[in-house]
Student: 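So that we are looking at the same thing, I have put the structure below in C-alpha cells.
What you see is a predicted model, and the numbers here were worked out from it, not measured in a lab. Throughout, a chain's letter reflects where its sequence line sits, starting with A, and its residues are numbered from 1. Computed from heavy atoms alone, side chains included, the values below leave out hydrogens, waters and symmetry copies.
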Number of protein chains: 2
Amino acid sequence: MDKQTITIYDVAREASVSMATVSRVVNGNANVKPATRKKVLDVIEKLDYRPNAVARGLASKKTTTVGVIVPDVTNMYFASLARGIDDVATMYKYNIILTNSDSNNEKEVKVLNTLLSKQVDGIIFMGNEIDDKLREEFKRTKTPIVFAGSVDEENLYARVNIDYVAAVQVEVKNLIDRGNRRVAFVCGPLEQAINGKFRLKGYKQALKSAGIPYDEKLVFETDDTYKTGTLLQPALMAVNATAAMVTDDELAAGIMNGMSDADVKVPDDFEIITSNDTKLTEMVRPKMSSITQPLYDIGAVAMRLLTKLMHNEPVDEKNVLLPYGLMKRESTK
Amino acid sequence: MDKQTITIYDVAREASVSMATVSRVVNGNANVKPATRKKVLDVIEKLDYRPNAVARGLASKKTTTVGVIVPDVTNMYFASLARGIDDVATMYKYNIILTNSDSNNEKEVKVLNTLLSKQVDGIIFMGNEIDDKLREEFKRTKTPIVFAGSVDEENLYARVNIDYVAAVQVEVKNLIDRGNRRVAFVCGPLEQAINGKFRLKGYKQALKSAGIPYDEKLVFETDDTYKTGTLLQPALMAVNATAAMVTDDELAAGIMNGMSDADVKVPDDFEIITSNDTKLTEMVRPKMSSITQPLYDIGAVAMRLLTKLMHNEPVDEKNVLLPYGLMKRESTK
DNA sequence: GATTTAATTGAAAACGTTTTCAATTTGCTG
DNA sequence: CAGCAAATTGAAAACGTTTTCAATTAAATC
C-alpha cells in the first residue's frame with residue numbers, strides 16, 4: 001500500500017554501478033567518468049529517482065534547513081525580514097522552518113530545542129528580550145545562530161541591525177531643531193534591549209545635546225499595537241508633548257489616527273516620526289515620516305551571514321550595521 | 001571537534017537496557033515497567049539526551065514537518081493564514097517549512113519537489129493559479145495536500161475557503177440597492193480562479209438579479225498592489241463608476257487614497273468595499289468596509305484538516321467553507 | 001505449585017543515504 | 001611495453017532511530 005519509493009539502490013542496480021557512484025553523480029562529484037555519469041543520469045531520469053533528504057541528512061549530518069524564530073509573522077516588520085531570509089536561503093539551497101514565538105521566552109526555549117532536535121544547520125533569531133534561561137540554551141549548542149533585527153548586549157552572536165541609537169538620536173534632534181521642546185518617546189516594552197537600551201539612549205543623547213532635561217513623563221512604554229496607539233492622545237496632550245518619536249509603525253498609525261480623531265492636526269499641531277518604514281507609512285493619511293531600515297536586507301544579510309557561519313567561512317564583523325535613513329513624508333514639518 | 005552527541009545507544013548502555021526500551025520510554029509507549037521507565041528517564045536526564053529527529057524520521061518515515069507554500073508572507077492576508085497554520089501545527093507537534101512562491105508556477109513546482117524530498121508529512125498550499133505542470137506534480141504524490149484560501153476547480157483536494165461567489169454577490173447587491181447602477185469590479189489577475197471564476201461570478205449574479213447589464217468596461221484587472229490602486233481613479237471616473245468592489249485590501253487602500261487625492265469623497269461620491277478585512281482596513285481613513293473572512297481560522301482549519309489527512313482519519317467534507325460577513329465601516333454609505 | 005496468559009524486554013533488521021578506504025582501470029612516460 | 005601516477009569505482013561501515021518478533025519474566029488461575 002505504501003508509495004513504492006525508488007531508492008539509490010534501485011538506481012545502482014539498474015545502471016549496474018555501485019551506490020557510491022550514484023551518490024557521486026547525484027552530488028555532482030567530479031570523480032566520475034562522463035560515460036558513467038550519463039548512464040546513471042539516464043537511469044535516474046527513467047526511474048524518476050528522488051533522493052531522500054532525510055536519509056541524506058542522517059548520513060551527512062547536514063539538513064540544508066535552518067530554523068527561524070520570529071515573534072509574529074503577522075507583523076509586517078518581521079514578515080519583511082522573513083522574506084529576505086527565505087529568499088537568500090533558497091538562493092543557497094536551504095529551506096526555513098518558521099516558528100512564531102510571540103516573544104515569549106518559554107516558547108522560544110521550547111522551539112529552539114525542537115529545531116535543534118531536527119538538526120537544523122543554523123538558526124536565525126528575532127527577539128529582543130532574552131532571559132537567562134534562553135541565553136543558556138543558546139550557549140549550549142554549537143549550531144550557528146545569527147540575530148536579525150535584534151541586538152545582543154553580550155556581543156556573543158553574529159547579528160545584523162541598524163544603529164538604533166544613532167538613528168533615533170538624529171531624528172529626535174531634528175524634531176528638537178524644528179522647535180519641539182517636548183518630544184515624547186513612545187516605544188514597545190522597555191525590557192527589550194532594543195528599546196530600553198538602544199533607542200532610549202539615542203533619545204536621551206539628543207535631549208542632552210540640546211540641553212533639554214530628560215523627563216520620564218514623556219516616555220510611554222506600550223505594547224506596540226495599533227489599538228494602544230489610538231488611545232494615547234489624551235496622555236500625550238496631558239504632558240504637553242508636541243511631537244513623538246515612535247518605535248513601531250502600527251503603533252504610530254494608531255497615535256496619528258487618535259490625534260486626527262481628536263482634531264489635533266498632524267503635523268501642524270503634533271509631529272510624528274516612526275521607525276520601521278513599512279508599507280503602512282504610505283497608506284495612512286497623512287503619510288508618516290519614518291526612519292528607514294532596509295528590512296528585507298536585514299533578513300537577507302542575516303541569512304547570508306548564517307551561510308558563512310555554517311560553511312565555516314571567516315566572517316569579518318559579527319555586528320553588522322546596515323545603513324538607516326529618513327524618509328520625510330507628511331507627519332513631520 | 002564535533003559536538004559529541006549522546007545517542008540512544010549511550011542511554012541504553014548507561015541504563016543497562018536495550019535501545020528498544022529507551023525508544024519506548026522516549027515515545028511514551030505504555031509497555032514498559034514503571035521502574036524501568038524511571039531508570040531510563042533518569043539516565044536521559046543525567047546525560048541530557050535529545051533524540052535526533054532526522055534519524056527518527058528515517059526509521060519511522062514521519063518527519064512531523066509540513067510544507068507550506070505561500071505566495072508572499074509579506075502580504076498580510078497570507079501572513080494571517082500562515083500564523084493560523086503554525087499555531088495549530090505546533091499544537092499537534094508539527095513544524096512548518098515556509099516557502100514563498102510569488103504565485104509563480106515554476107517556483108511552486110520546484111519548491112514542491114524539495115518539500116517532498118524532505119519527506120514532509122503534508123503540504124498546505126496557497127495560490128490560485130495552477131497550471132497543468134503543477135497540477136501534475138500535485139497528482140504524483142501521495143502526501144496529503146490541503147489548499148488554504150485557495151480554490152480547486154477540479155474538486156480534487158481538501159481545501160478551506162469562504163463562499164466567494166455568495167460573499168461578493170451579497171455585497172454588490174447592497175451597493176446596487178443603495179443606488180449604485182455602475183459598480184466597478186476591481187480585482188487581481190483573472191487567471192486566478194478565485195477572481196476569474198468565483199468572485200466575478202458573484203458580481204455578475206448580483207448584476208443580473210438587479211437587471212443591470214454586465215459591462216466589461218467596469219471590470220479592472222490589476223496586480224493587487226497599493227500602487228496600482230492609487231492610479232486607478234481617472235479610469236474609474238471615466239467609466240462613471242460610483243462604487244467599487246475590490247478584491248484586495250492594499251489595492252482598495254490605494255484606490256481610496258487615489259480618490260481622496262483627487263478630491264472625490266469616499267463614501268459620498270464613491271463607495272468602496274474590500275475583501276480581506278486585514279488590520280489595514282482599520283488604519284486607513286476613512287476606514288474601509290470589508291467582507292470579513294476568518295483569515296487566521298482559514299489557516300488553522302486547513303492545518304487541522306491536514307492533521308486528519310496525515311493520520312488517516314476520516315474527513316466528512318473536502319470543501320470546507322467558513323462563514324463570511326460584512327464589516328460596515330466608513331467607506332460605504 | 002503447575003499451567004496458562006499477559007506484560008516486559010532485547011536482538012537485530014530495517015530506513016536510504018554518505019563516506020572512507022582499498023581495489024581496479026586508465027593514461028602517461030620513457 | 002614496463003612502471004607509475006592519476007582517475008574511477010565498489011564494498012561496507014557508518015548515521016541514530018523505530019519496529020518486528022521472539023524470548024523472557026511476571027501475574028493469574030485452579
Student: If you take all heavy atoms of B:L322 and B:I162, which pair is closest and at what distance?
Tutor: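 Looks like O-CG2, 3.5 Å.
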Student: What nitrogen or oxygen pairs link the protein and nucleotides 4-9 of chain D at under 3.5 Å?
Tutor:
unit_1: D:dT9; atom_1: OP1; unit_2: A:T36; atom_2: OG1; d: 2.4
unit_1: D:dT9; atom_1: OP2; unit_2: A:K33; atom_2: N; d: 3.1

Student: Going by side chain to side chain contact (heavy atoms under 4.5 Å, CB included), name the residues that satisfy it together with B:K62, two or more places apart in sequence or in a different chain.
Tutor: B:S60, B:D121
Student: Do A:V26 and A:Y49 have side-chain heavy atoms sitting under 4.5 Å apart?
Tutor: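 In short, these two side chains touch, coming nearer than 4.5 Å.
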Student: Donor-acceptor pair, distance only, cut-off 3.5 Å: does the side chain of B:D10 make one with the backbone of B:T7?
Tutor: yes
Student: What's touching nucleotides 12-14 of chain C from the protein side, N or O pairs under 3.5 Å?
Tutor:
none

Student: Base, sugar-phosphate, or nothing: which does B:S60 touch, judged by heavy atoms less than 4.0 Å apart?
Tutor: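 Sugar-phosphate: the residue B:S60, judged by heavy atoms under 4.0 Å, touches backbone atoms but no base.
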Student: Please list, chain by chain and in numerical order, all residues satisfying side chain to side chain contact (heavy atoms under 4.5 Å, CB included) with A:A59, sequence neighbours excluded.
Tutor: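 So A:A59 forms no side chain to side chain contact (heavy atoms under 4.5 Å, CB included) with any residue.
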Student: Do A:I44 and A:D42 have side chains that get closer than 4.5 Å, going by heavy atoms?
Tutor: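 The answer is no; the side chains never approach within 4.5 Å.
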Student: If I take atom CG in residue B:N29 and atom P in nucleotide D:dT19, what distance separates them, rounded to the nearest angstrom?
Tutor: 10 Å
Student: Can you pull out how bent the helix from C:dG1-D:dC30 to C:dG30-D:dC1 is, comparing the axes over its first five and last five pairs, to 10°?
Tutor: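 Inter-axis angle at the termini of the helix from C:dG1-D:dC30 to C:dG30-D:dC1: 30°.
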Student: Output every pair passing salt bridge (charged side-chain N to carboxylate O under 4.0 Å, His left out) with a member in residues 84-108 of chain B, not counting sequence neighbours, ordered by first then second residue.
Tutor: A:R83-B:D102, B:R83-B:D87, B:D102-B:K107
Student: Taking salt bridge (charged side-chain N to carboxylate O under 4.0 Å, His left out) as the definition, give me every residue that meets it alongside B:E154, ordered by chain and number, with sequence neighbours left out.
Tutor: B:R135, B:K139
Student: Counting only non-hydrogen atoms, which of residues 7-14 of chain B are less than 4.0 Å from DNA chain D?
Tutor: B:T7, B:I8
Student: For C:dT17, take OP1 and OP2 only and decide whether either is under 4.0 Å from a side-chain N or O of A:K61.
Tutor: no
Student: I'd like to know if the side chain of A:T65 pairs up with that of B:K118 as donor and acceptor (distance under 3.5 Å, no hydrogens or angles considered).
Tutor: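 Note: A:T65 and B:K118 side chains meet the donor-acceptor criterion.
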Student: Within the 4.5 Å heavy-atom criterion, are A:I130 and A:F125 side-chain neighbours or not?
Tutor: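 Side chain of A:I130 against side chain of A:F125, heavy atoms only: contact under 4.5 Å found.
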Student: Atom CG of B:N27 to atom P of D:dT19: distance rounded to whole Å?
Tutor: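 Interatomic distance, CG of B:N27 to P of D:dT19: 7 Å.
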Student: When the distance from CZ of A:R56 to P of C:dC15 is rounded to whole Å, what number comes out?
Tutor: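 Result: 19 Å.
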Student: Please name all residues satisfying salt bridge (charged side-chain N to carboxylate O under 4.0 Å, His left out) with B:D48, sequence neighbours left out, ordered by chain then number.
Tutor: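 For B:D48, the residues satisfying salt bridge (charged side-chain N to carboxylate O under 4.0 Å, His left out) (neighbours in sequence not counted) are A:R140, B:R50.
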Student: Rounded to whole angstroms, how far apart are CG on A:L58 and C1' on D:dT17?
Tutor: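 It is 8 Å, rounded to the nearest whole Å.
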Student: Suppose we screen for salt bridge (charged side-chain N to carboxylate O under 4.0 Å, His left out). Which residues come up paired with B:K46, at least two apart in sequence or across chains?
Tutor: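 Testing B:K46 for salt bridge (charged side-chain N to carboxylate O under 4.0 Å, His left out), a comparison that skips the adjacent residues, returns B:E14.
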Student: Rounded to the nearest angstrom, tell me the gap between atom CG in B:N52 and atom P in C:dC15.
Tutor: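 Taking atom P of C:dC15 as the reference, CG of B:N52 is at 19 Å.
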Student: The criterion is salt bridge (charged side-chain N to carboxylate O under 4.0 Å, His left out); which residues satisfy it with A:K33, sequence neighbours excluded?
Tutor: none
Student: Taking atom P of D:dG16 as reference, at what distance in whole Å does atom NZ of B:K62 sit?
Tutor: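 The distance from NZ of B:K62 to P of D:dG16 comes to 23 Å, rounded to the nearest Å.
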Student: Could I get the full list of side chain to side chain contact (heavy atoms under 4.5 Å, CB included) partners for B:V109, not counting sequence neighbours?
Tutor: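 Counting only residues at least two positions away or on another chain, B:V109 forms a side chain to side chain contact (heavy atoms under 4.5 Å, CB included) with B:N113, B:K133, B:L134, B:E137.
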Student: To the nearest Å, give me how far apart CD1 (A:I6) and C1' (C:dC15) are.
Tutor: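 To the nearest whole Å, that distance equals 16 Å.
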